[in-house]
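Note that these values count all heavy atoms, side chains included, but never hydrogens, waters or copies made by symmetry. When a ligand or atom number is given, it counts from 1 through the structure's own listing order.
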Amino acid sequence: MKITDFELYKDLLKSKSGLVLSQDKSYLLESRLNPVAKKWGYDSLDAMTMTMQGVPDPELITDIIEAMTTNETSFFRDSRPFDMFKDVVLAHVKQARPQKKIKIWCAAASSGQEPYTLAMLLKEAASDFPGWSFEIYATDISNEILNQAREAKYSQFEVQRGLPIQLLMKYFIQDGDKWQLNDEIRGMVKYDYFNLMEPMSKLGTYDIIFCRNVLIYFDEETKGKILGDMAGHIEKDGFLFLGGAETVLGITDAFKPVPGQRGLYAVEGSEHLEQKKETSAQALA
Ligand SMILES: C[S@@+](CC[C@H](N)C(=O)[O-])C[C@H]1O[C@@H](n2cnc3c(N)ncnc32)[C@H](O)[C@@H]1O
């Protein structure tokens, strides 16, 4: 691909979705955009690029963005965050929410494994939360992947990655060569399109935000802007989960790592950070 063509797609993706493409990803651009060119009836990627130099159909732009998203995910991905969710986060909200309501936002939900993992965990913990209501709001920039998430049908390969067999047997029904998640767990998650590059004013305030394995694709400025905006949509004693390769350090002061809980962050000034400081001070005394 010519440098100028690469630059055209690079600028488009950065401005519309936040994705930063380095020159060494030129091969990725070509391999993912060739099928889009074919779908739109172009003879070649070059022919599609010529259209892109003019005023392209917004749906073509959407298809290009969707083709360039990486939707890699799995049930109980990295496992440890879900232990922290049960042992640290749920333990806190249980004593801190007299209104018996928990609101969770999964900000880059992909094909649903992350929000459904949370839904299954909440269902498993239901006897400890009598009378509670749980709201799981799951968003993504890709409508195609959101449709897969809503359908909640997974291949053998997908259910074998991280999902304990007991939960598979309890909450899924085999349907040909796929596994269909049951309606009760599906009904616990509400899906919507949301681009993290957009203003968050239409969103509510959440007790817990999962924003895992998406900020890695953005530059520092975009990460800082998104995390700063998220700080305005999380309760003061709320929790933020990031992916294993992501951090707030050097990017924003709005959140701080919860000591001893890798991947878990709290709002600056939150009691979760204070309690730990007191404990360390006591240990030194
Ligand atoms: C690698 S997946 C991560 C899925 C899940 N959070 C996990 O950790 O397993 C990244 C997801 O981010 C979505 N995404 C990329 N750019 C986005 C944006 N600007 N706004 C919202 N979602 C975005 C992609 O469509 C993709 O589904």
Side-chain angles (χ1 to χ4, degrees), residues 9-21 25 28-29 32-33 36 61-85 104-121 136-152 154 157-163 189-203 206 208-230 233 239-247 262-265:
Y9 287 113
K10 182 181 157 189
D11 292 349
L12 176 89
L13 289 161
K14 168 80 175 28
S15 68
K16 301 278 185 194
S17 73
L19 175 68
V20 173
L21 268 188
K25 293 278 165 27
L28 190 70
L29 199 59
R32 293 205 183 169
L33 294 192
V36 179
I61 296 180
T62 301
D63 278 1
I64 290 170
I65 292 167
E66 293 211 351
M68 292 308 297
T69 57
T70 299
N71 306 119
E72 166 68 16
T73 189
S74 57
F75 291 103
F76 289 87
R77 183 173 185 177
D78 303 336
S79 75
R80 175 90 183 103
F82 299 99
D83 293 337
M84 292 190 289
F85 174 72
I104 302 172
W105 175 27
C106 274
S110 189
S111 38
Q113 285 90 329
E114 183 176 82
Y116 289 139
T117 297
L118 297 173
M120 285 185 278
L121 285 175
I136 306 174
Y137 185 55
T139 59
D140 201 279
I141 196 175
S142 165
N143 276 311
E144 201 179 317
I145 209 76
L146 284 169
N147 284 337
Q148 285 181 38
R150 287 186 188 101
E151 198 184 12
Y154 299 97
F157 175 72
E158 286 169 318
V159 296
Q160 268 171 351
R161 291 178 73 199
L163 183 65
V189 182
K190 180 179 182 298
Y191 289 98
D192 240 337
Y193 170 92
F194 184 73
N195 182 351
L196 289 165
M197 300 293 283
E198 287 170 11
M200 294 183 185
S201 45
K202 71 163 197 178
L203 302 177
Y206 302 90
I208 306 155
I209 299 179
F210 279 75
C211 183
R212 299 172 63 221
N213 304 302
V214 63
L215 296 182
I216 30 167
Y217 300 106
F218 304 156
D219 64 16
E220 307 274 291
E221 191 189 345
T222 307
K223 289 178 199 181
K225 165 88 173 62
I226 292 170
L227 290 169
D229 288 355
M230 278 182 172
H233 289 270
F239 289 97
L240 168 73
F241 285 84
L242 297 181
E246 294 161 334
T247 181
R262 204 174 134 76
L264 185 62
Y265 299 84

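Contact annotation: Phe210 has no heavy atom less than 4.0 Å from any atom of ligand 1. The closest approach between Gly243 and ligand 1 stays at or above 4.0 Å for every heavy atom of the residue.
Classification of the Tyr116-Tyr191 ring pair by plane angle, with boundaries at 30° and 60°, yields perpendicular. Ring geometry for Phe210 versus Phe241: interplanar angle under 30°, hence parallel rather than tilted (30 to 60°).
Comparing heavy-atom distances from atom 26 (C) of ligand 1 across Thr70, Thr73, Leu242 singles out Thr70 as nearest. Of the candidates Thr139, Ile141, Leu13, Leu146, Ile141 brings a heavy atom nearest to atom 22 (N) of ligand 1. Among Met68, Gln148, Arg77, the residue whose heavy atom lies nearest to atom 7 (C) of ligand 1 is Arg77. In this comparison of Ala108, Gly18, Ser110, the heavy atom closest to atom 5 (C) of ligand 1 sits on Ala108.
Judged by distance alone, with hydrogens and angles left aside, the side-chain atoms of Ser79 form no donor-acceptor pair with the main-chain N or O of Phe76 at under 3.5 Å.
When only non-hydrogen protein atoms are considered, atom 8 (O) of ligand 1 lies nearest to Asn213 ND2, 2.7 Å. Shortest contact from atom 15 (C) of ligand 1 to any protein heavy atom: Val214 CG2, 3.7 Å. With hydrogens left out, the protein atom closest to atom 21 (C) of ligand 1 is Phe194 O, 3.3 Å, a heavy atom. Among all protein heavy atoms, the one lying closest to atom 13 (C) of ligand 1 is Asp140 OD2, 3.4 Å.
Here the closest non-hydrogen pair linking Arg212 and Asp78 is NH2-OD2, 3.3 Å. Between Ala119 and Val189, the shortest heavy-atom distance links the atoms CB-CG2, 4.2 Å.
The N/O atoms of Ser17, backbone and side chain alike, include one that comes under 3.5 Å of an N/O atom in ligand 1. Ligand 1 has a nitrogen or oxygen under 3.5 angstrom from a nitrogen or oxygen of Leu196. No N or O atom of Ser142 sits closer than 3.5 Å to an N or O atom of ligand 1.
Taking 4.5 Å as the limit, some side-chain heavy atom of Met68 sits within range of a side-chain heavy atom of Leu21.
Taking Phe75 as the reference, Tyr154, Phe172 meet the ring pair (Phe, Tyr, Trp, His ring centres under 6.0 Å) condition, with sequence neighbours excluded. In this view, Tyr9 satisfies the ring pair (Phe, Tyr, Trp, His ring centres under 6.0 Å) rule with no residue, not counting sequence neighbours.
Listed by number with element, the atoms of ligand 1 under 4.0 Å from a non-hydrogen atom of Arg212 are 3 (C), 5 (C), 6 (N), 7 (C), 8 (O). Residue contact check: Glu114 has heavy atoms under 4.0 Å from atoms 5 (C), 6 (N), 7 (C), 8 (O) of ligand 1. Set against the non-hydrogen atoms of Phe218, the atoms of ligand 1 under 4.0 Å away are 16 (N), 19 (N).
Atom CZ of Arg262 is surrounded by 12 or fewer heavy atoms from other residues, nucleotides or ligands within 6.0 Å. More than 12 heavy atoms of other residues, nucleotides or ligands lie within 6.0 Å of CD in Glu158, so this atom counts as buried by the packing criterion.
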